[in-house]
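Chain identifiers are assigned alphabetically (A, B, ...) following the order of the sequence lines, protein sequences preceding nucleic acid strands; residue numbering begins at 1 within each chain.
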Number of protein chains: 2
Amino acid sequence: MAEEMEQWLSSLLRLTDEEEKMTEKQIKIIQAAVDIFADKGYASTSTSEIAQRAGVAEGTIFRHYKTKKDLLLSIIAPVMSKLVAPFVLRDLHQVLDTEYERFEDFLRAMMRNRLEFVVKHAPIVKIMLHEIPFHPELQSQFKEQLFPQVGERLKRIITHFQSRGDLIEMPPFALLRMSVSAIMGYIFTRCYLFPEHDWNDQEEIERVVNFIMHGLAPRKE
Amino acid sequence: MAEEMEQWLSSLLRLTDEEEKMTEKQIKIIQAAVDIFADKGYASTSTSEIAQRAGVAEGTIFRHYKTKKDLLLSIIAPVMSKLVAPFVLRDLHQVLDTEYERFEDFLRAMMRNRLEFVVKHAPIVKIMLHEIPFHPELQSQFKEQLFPQVGERLKRIITHFQSRGDLIEMPPFALLRMSVSAIMGYIFTRCYLFPEHDWNDQEEIERVVNFIMHGLAPRKE
DNA sequence: CTTTAAAGTGAGTAATCACTCACTAATGAG
DNA sequence: CTCATTAGTGAGTGATTACTCACTTTAAAG
C-alpha cells in the first residue's frame, strides 16, 4: 500500500510529458528564459537577452509565443498545476480511504515527494513564487481554482484523522495551516535560503514530521 | 518584567524617527513609490508613473534620489533593519537573562509584536521580500550581516531554554527553524495570503505557541 | 524533383525607459 | 531687502524595449 502510494507520487515528478512537439530551438528558448527569469526576474529580463542566451534570433521567440508574457505563462502553468497535483487528483481519496494509513505516514510521503519536486524544478518554482502576485491571471488561477480544490480536499483528510483521534480538536483550517507551515518552512529553508548547506533530508523530514505529530496530537491530561 | 518587555517591543514598531527633514513632496514620492512598487513590482514601475502619482515633476525624484534603485533602497533599508531589530539589540540579552522568563512567554511576545509590525508595514515588507533575491547588496546585507547576528543570538536563547529542560534535545538551528516556520507561517497567511479574512489574532497566536511548545517539548517516555 | 507549410531570421519601429540640465521658485540667514 | 542655497520643474536625450514583417531556410509529403 505504502509502495503503491510512493509509485504514484513518483509519477507526479515529471513536468511535461516528454516535451512533446518542441523544436530544438524552442527548448533552448525555454531553458534560457527559465535561467534568466530566475536570476533577474521576469520584468527586468529582455527578450533580446533570452534570444542571445538561447542562440536564436529574437524573431524566433515571437514565432512560438505571441508575447513575452505568453512565454512566462507557458513556463509557469505546468509547474503550478503539477505542484499541487497530488492534492487534487481523485486517486488521493482512494489512497487515503484505506483504513490502516496513519497521518504521519501521509505527512512523510507527501513531504518527501514535494521536496523532491521543488528540488527538481527549483528555478521555475522561484519564478512562480515571484510572479504570482503581479499577474492577476495567475492569482485567480491559484485563489479561485487551485486553493479551493486543494484546501477542501486536505481539510477532509485532516478531519478524517481528527475523527480517529489522531489529531487535536481544532478548526481544520488551522491544523492545515500549521502542518503546511512546518513542511514549507523546511522546503523553503532547504531550497532557497541555504541551498548550498549539506542537508540530511531523511533526518530533517523525520524531525518535521515528529514536530507536527507532537504539536498537533490530542493533549493528554 | 513582562510589561517592561512589551513596552520595549512597542518602541520598535515605528519605522522612522518622525520623518526627519523631509519635504512634503519627498514624502509624497515615497508614498507613491511604496504603493506602486508593492502593486506592480519594482522593475515594472516607471519613474514617470511615480512622479505622476505623487503629483511631482519627474526631475524632483532625481533631486532627492540619485537613481531609481536609490529610491528603492531608501525604502527597504529601514524596514530590513527594524524587522529584525528586536533580535539584534543588546537589550534582548538582559531581558532574557531574567531567570523566571518562560520560553512560551518569549514566543508569545515576539510573535504578537512582529505580527503587529508586519501588519503596519505590509506593503514595504512585500516589496522587501520580492526584491531581496534580485539585488546583491540586499542579499549580502541579509546573509552576511543580519542573519549571522540574529541567528547566533536566537540560537543562544534556544540553548538557554534547552538547558533548562524546556525544549527537546536537537540541533539549535533545527529548533529555531521550526519555531520560526510556525510563526512566519501564520504571519504570512494572515497578512499576504488571506488579509481580508476575519482573523482572531489572540486565538491564533495561542494556537501557534501551543503548537510549538508541544511540538518541541522534551518527549516523555 | 516539386510544392507547401512551418521554422527561423534580423533589420526596422514606435514607444518607453531612466536620467540630465538649464532654468525658476521658495526659503531662511545676515 | 539681499543673497545664497536648496527645492522643484519639464522639455530633451540616447539607450533600450517588446514586437513586426518581408524574407530565407528546412523538411516532409506527394
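Comparing C/dC19, D/dC19, C/dT9 by their closest approach to the side chain of B/K68 singles out C/dC19. Candidate nucleotides C/dC19, C/dA7, D/dG8 were compared by shortest atom distance to the side chain of B/E58, and C/dC19 ranks first. Relative to the side chain of B/R63, the nucleotides C/dC19, D/dT9, C/dT9 differ in distance, and D/dT9 lies closest. The side chain of B/K25 has D/dT9 as its nearest neighbour among C/dA18, D/dT9, D/dA22. For B/A57, the listed nucleotide lying nearest its side chain is D/dT9; candidates were C/dT9, D/dT9, C/dG8.
Phosphate contact (OP1/OP2 of C/dG8, side-chain N/O of A/H64, threshold under 4.0 Å): present. For C/dG8, the OP1/OP2 oxygens have a side-chain nitrogen or oxygen of A/T23 closer than 4.0 Å. Note on A/S46: every side-chain N or O is 4.0 Å or more away from OP1 and OP2 of D/dT16. Distances shorter than 4.0 Å separate none of the side-chain N or O atoms of A/T60 from OP1 or OP2 on C/dA7.
When each of A/G59 and A/S44 is assigned the nucleotide of DNA chain D with its nearest heavy atom, A/S44 is the one assigned upstream, toward the 5' end.
At whole-Å resolution of the value, CZ in B/F62 and C1' in D/dA11 are 15 Å apart. For A/Y65 and C/dA7, the OH to C1' distance is 13 Å, given to the nearest whole Å. Regarding A/Q52, its CD atom lies at a distance of 13 Å from the C1' atom of D/dT16, rounded to whole Å. Rounded to whole Å, atom C1' of D/dC19 lies 13 Å from atom CD1 of A/I50. If you take CD1 of A/I36 and C1' of D/dT17, they are 15 Å apart, rounded to a whole angstrom. In this structure, B/K69 atom NZ and C/dC19 atom C1' are separated by 16 Å, rounded to whole Å. In this structure, CD of A/E49 is placed 8 Å from P of D/dT17, rounded to the nearest angstrom. Here the P atom of nucleotide D/dG8 and the CD atom of B/Q26 are 8 Å apart, to the nearest Å.
For the pair A/K28 (side chain) and A/T23 (backbone), a donor-acceptor distance under 3.5 Å is absent.
Across all their heavy atoms, B/V79 and B/V125 have their closest contact at CG1-CG2, 4.1 Å. Of all the heavy atoms in A/F134 and B/F37, the pair that sits closest is CE2-O, 4.4 Å.
Side-chain contact between B/I132 and B/M128: present, with at least one pair of heavy atoms (C-beta onward) separated by less than 4.5 Å.
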Determine, stepwise, if the pair A/Y186 / A/F211 fulfils ring pair (Phe, Tyr, Trp, His ring centres under 6.0 Å). CA-CA 12 Å; A/Y186 175 66; A/F211 173 49; over 10 Å; no
